[in-house]
Amino acid sequence: MARVLLFGRLADVAGWRERDIPARTLGELRGWIATEDPALFEALQAPAVRTAVDQSLVSLDVDLGPDSEVAFLPPMSGG
Amino acid sequence: MIRLVSQPFDPGEALAGFCRGRSETGAIASFTGLARAEAGQTTLLELEAYPGFTEREIGRHEAAAVARFGLQDVLILHRTGPIPPGEAIVFVATAAAHRRAAFEACDFLMDYLKSRAPFWKKETGPDGARWIEPTERDRDDLARWETS
């Protein structure tokens, strides 16, 4: 189970900002989203969307623990 | 120090506090950014941060500014949440022995904060709301600081 956070326009696409999703790896998590929410999955495919696990940016598949926090970050706009 | 704040703040008070109790600081530069109405096109600005991540990323750039310009101290206040036109969004103050370092570091930090800091910005106007991404101008401003 991972706590998933969406920021910016991604939360608008999904209609939620934060929820738990059953997954043991980032790949599994993406698979779950692809099945359950194809529109969000498509939005996550944009190359500018970055992924953070436990607040560190990652670029490859990683294992997720029971308390992992996964954040999907659209391009950062600055303040 | 970086602090995210969800309520309006007084930049004058922040600056006065930052100036107090310094005997070795010769120069303090500060910048305050306000939310603009854009001739009625923007009625509300909303800034979303990723608490923890946003402070840490800004903190890394703050440390880079301290090292690069030899600063004695930095204060960054950044609003999050809904911000109506006229209110302060960001306040940066830099303290150094001499003015050039203070001015340049303030400019450097603002170029980073305006273009790459982890915020997501939504503008609401008469035609609805839209998410804003960095402009070419912001990227050019940032490129000024690249070292070869």
Side-chain angles (χ1 to χ4, degrees), chain A residues 1-21 23 25-26 29-30 33 37-79, chain B residues 2-5 31-36 45-61 76-81 83 87-92 109-124 128-139 141-142:
Chain A
M1 194 70 77
R3 172 120 295 231
V4 179
L5 310 179
L6 301 178
F7 289 88
R9 60 183 168 77
L10 295 175
D12 289 352
V13 171
W16 51 269
R17 225 157 249 296
E18 188 170 338
R19 65 174 293 178
D20 290 328
I21 292 179
T25 65
L26 202 51
L29 176 63
R30 288 180 184 281
I33 293 170
D37 191 343
L40 174 60
F41 184 71
E42 198 189 321
L44 294 179
Q45 298 308 303
V49 172
R50 303 175 79 184
T51 307
V53 174
D54 295 330
Q55 302 215 341
S56 293
L57 294 172
V58 297
S59 51
L60 301 170
D61 195 10
V62 295
D63 290 338
L64 302 175
D67 300 320
S68 290
E69 178 180 277
V70 178
F72 292 110
L73 312 171
M76 300 169 190
S77 68
Chain B
I2 155 76
R3 253 176 54 216
L4 300 180
V5 290
F31 175 88
T32 304
L34 306 179
R36 274 195 315 262
L45 191 67
E46 280 177 86
L47 278 180
E48 193 181 6
Y50 180 7
F53 181 86
T54 296
E55 289 98 321
R56 209 167 45 247
E57 284 295 305
I58 294 174
R60 287 199 304 121
H61 286 80
I76 300 172
L77 302 180
H78 212 299
R79 278 285 292 279
T80 59
I83 309 162
E87 288 188 3
I89 302 175
V90 58
F91 171 86
V92 175
L109 283 167
M110 273 313 304
D111 282 344
Y112 161 70
L113 287 166
K114 280 298 292 179
S115 58
R116 279 216 328 243
F119 292 103
W120 296 274
K121 180 159 55 178
K122 194 188 219 175
E123 277 181 11
T124 303
R130 66 192 187 103
W131 291 98
I132 307 295
E133 296 194 356
T135 63
E136 278 307 312
R137 175 62 188 276
D138 290 333
R139 291 197 187 94
D141 284 345
L142 196 63

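Naming: A, B, ... by sequence-line order, numbering from 1 per chain.
For A/R17, the part lying near chain B is the side chain, with the backbone staying farther off; criterion is any non-hydrogen pair under 4.5 Å. In this structure, chain A has a heavy atom under 4.5 Å from the side chain of B/R56, while its backbone stays farther away. B/K114 touches chain A through backbone and side chain together, each having a heavy atom under 4.5 Å away. If you measure heavy-atom distances from B/L113 to chain A, the contacts under 4.5 Å come from the backbone alone. Within the 4.5 angstrom heavy-atom criterion, atoms from both the backbone and the side chain of A/L73 approach chain B.
Counting heavy atoms of neighbouring residues, nucleotides and ligands inside a 6.0 Å radius, atom CZ of B/R36 does not exceed 12 of them. Other residues, nucleotides and ligands contribute only 12 or fewer heavy atoms inside 6.0 Å of the CD atom of A/E42. Shown here is A/R50, whose CZ atom has no more than 12 heavy atoms of other residues, nucleotides or ligands within 6.0 Å.
Between the side chain of B/K121 and the main chain of A/G79, a donor-acceptor pair closer than 3.5 Å is present.
With rounding to the nearest 0.5 Å, the separation of CG in A/D67 from CZ in A/R3 is 11.0 Å.
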